[in-house]
Amino acid sequence: MTLTVRQFPCLSDNYGFVIRDEASGKTACIDTPDADAVLAALKEAGWGLDFILNTHWHPDHAGGNAAIKAATGATIVGPAEVTRIAPLDRTVADGDVVDLGETRFQVIGCGGHTLGHITYYDAADRIAFVGDTLFALGCGRLFEGTAEQMWTSLQRLAALPDDTTVYCAHEYTASNARFALTVDPGPALRARSEAIFAARQRGEPTVPTSIGLEKATNPFLRAPALVRHPGRPDYEAFAEVRAAKDSFRG
Ligand code: ZN
Ligand code: FE
């Protein structure tokens, strides 16, 4: 299988993605942060649009659904929670599959940032679209779910192969790195942070990342190793790091 991914920045710090299954020519966009930006990316690629694949209901992820469907006739696929702001053509949940031509996405339930958040995982190409669940050196805020739920979701993503390419929905990485350095003194994080600051200075994206890189340096995935939590479950260590990030100003 071959999946082509075209990534572009939009809004203040979102990334949009338009993708194409090369075997069939079928196309999709991952979320709809900005209808004009998604339509411009499709035009630049010379592609139509067959599917909109939503990860969660937030307006910077599903707010462009109606305008993009009106312009392209695309079929909208997403978790039921998206109907809070826009209709869906097909509702999917954990364990479902979504076929884009010959590319098969597994739907992985990743509640926590929102209760119904999902990830689209293409095992053949080792590509995951994780929305606002996992970021480079970060993770989504717990707007709806509990720390235990989010920890479970992050562990599901961490269980994917190390060489899985992870497309996150925001460029938060430099800010995430500044926080991470306050909780993890390790050399791997220091080296990665320097590379991130330099990349951002040059105006380069730090997305995509990989599961292996995040397992090695992401302070949320590493929380049980960074926070002493004798006799307490790992998600409580995660909850401490998440709370520290929520109040971090830097
Ligand atoms: Zn969100
Ligand atoms: Fe978002």
Side-chain angles (χ1 to χ4, degrees), residues 5-19 28-39 41 52-68 76-88 91-94 105 107-121 127-154 156-157 165-177 179 200 205-209 214 218 220-221 238-239 241-243 245-246 248:
V5 179
R6 295 175 70 114
Q7 172 179 325
F8 50 93
C10 56
L11 303 181
S12 59
D13 50 34
N14 279 75
Y15 284 118
F17 308 97
V18 292
I19 65 178
C29 63
I30 307 298
D31 286 330
T32 59
D34 177 334
D36 290 343
V38 172
L39 294 171
I52 293 168
L53 305 181
N54 288 131
T55 61
H56 66 297
W57 73 268
H58 283 161
D60 64 315
H61 296 263
N65 280 15
I68 293 172
I76 306 178
V77 178
E81 65 173 22
V82 170
T83 60
R84 287 163 68 164
I85 67 165
L88 287 170
T91 301
V92 293
D94 182 56
F105 289 106
V107 175
I108 302 175
C110 283
H113 175 70
T114 64
L115 288 178
H117 196 302
I118 59 173
T119 282
Y120 294 92
Y121 173 54
I127 288 174
F129 294 98
V130 300
D132 287 355
T133 297
L134 178 64
F135 295 123
L137 293 182
C139 76
R141 280 182 187 261
L142 306 182
F143 285 119
E144 297 178 6
T146 63
E148 185 173 8
Q149 263 176 321
M150 188 61 148
W151 176 249
T152 301
S153 297
L154 291 172
R156 299 188 79 182
L157 297 179
T165 302
V166 176
Y167 289 96
C168 328
H170 290 271
E171 179 61 64
Y172 290 155
T173 317
S175 155
N176 288 342
F179 168 74
R200 294 306 296 151
T206 64
V207 172
T209 177
E214 295 313 312
N218 185 305
F220 298 96
L221 296 182
F238 164 73
V241 176
R242 185 61 258 177
K245 174 68 163 69
D246 289 342
F248 178 70

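Treat the numbers as computed from the prediction; the structure is a model and nothing was measured. Whatever order the structure lists ligands and atoms in, that order sets their numbers, starting from 1. Sequential numbering from 1 along the given sequence is applied to the chain's residues.
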Listed as residue and atom, the protein N/O/S atoms under 2.8 Å from the Fe ion (ligand 2) are D60 OD2, H61 NE2, D132 OD2, H170 NE2

* **Polar side-chain atom of H113 near backbone of L142 as donor-acceptor pair, under 3.5 Å** => no

Main chain of G109, side chain of R156: is a donor-acceptor contact present, judged purely on distance under 3.5 Å? yes

Within the 2.8 Å cut-off the protein N, O or S neighbours of the Zn ion (ligand 1) are H56 NE2, H58 ND1, H113 NE2, D132 OD2

ask   = Does one side chain, of N54 or H61, offer a donor that lies under 3.5 Å from an acceptor on the other?
value = no

Tested for ring pair (Phe, Tyr, Trp, His ring centres under 6.0 Å) against Y167, the lone hit among F135, F129, Y121 is F129

Residues P205 and Q7: closest non-hydrogen pair is CB-NE2, 4.0 Å

What one should report as the nearest heavy-atom pair of I85 and A62 is CD1-CB, 3.7 Å

Exactly one of V241, L134, L154 clears side chain to side chain contact (heavy atoms under 4.5 Å, CB included) with N218, and that residue is L134

query: Has the side chain of R200 got a donor or acceptor atom that lies under 3.5 Å from a matching backbone atom of E171?
result: no

Shortest non-hydrogen pair, H56 vs D31, comes out as N-OD1, 4.3 Å

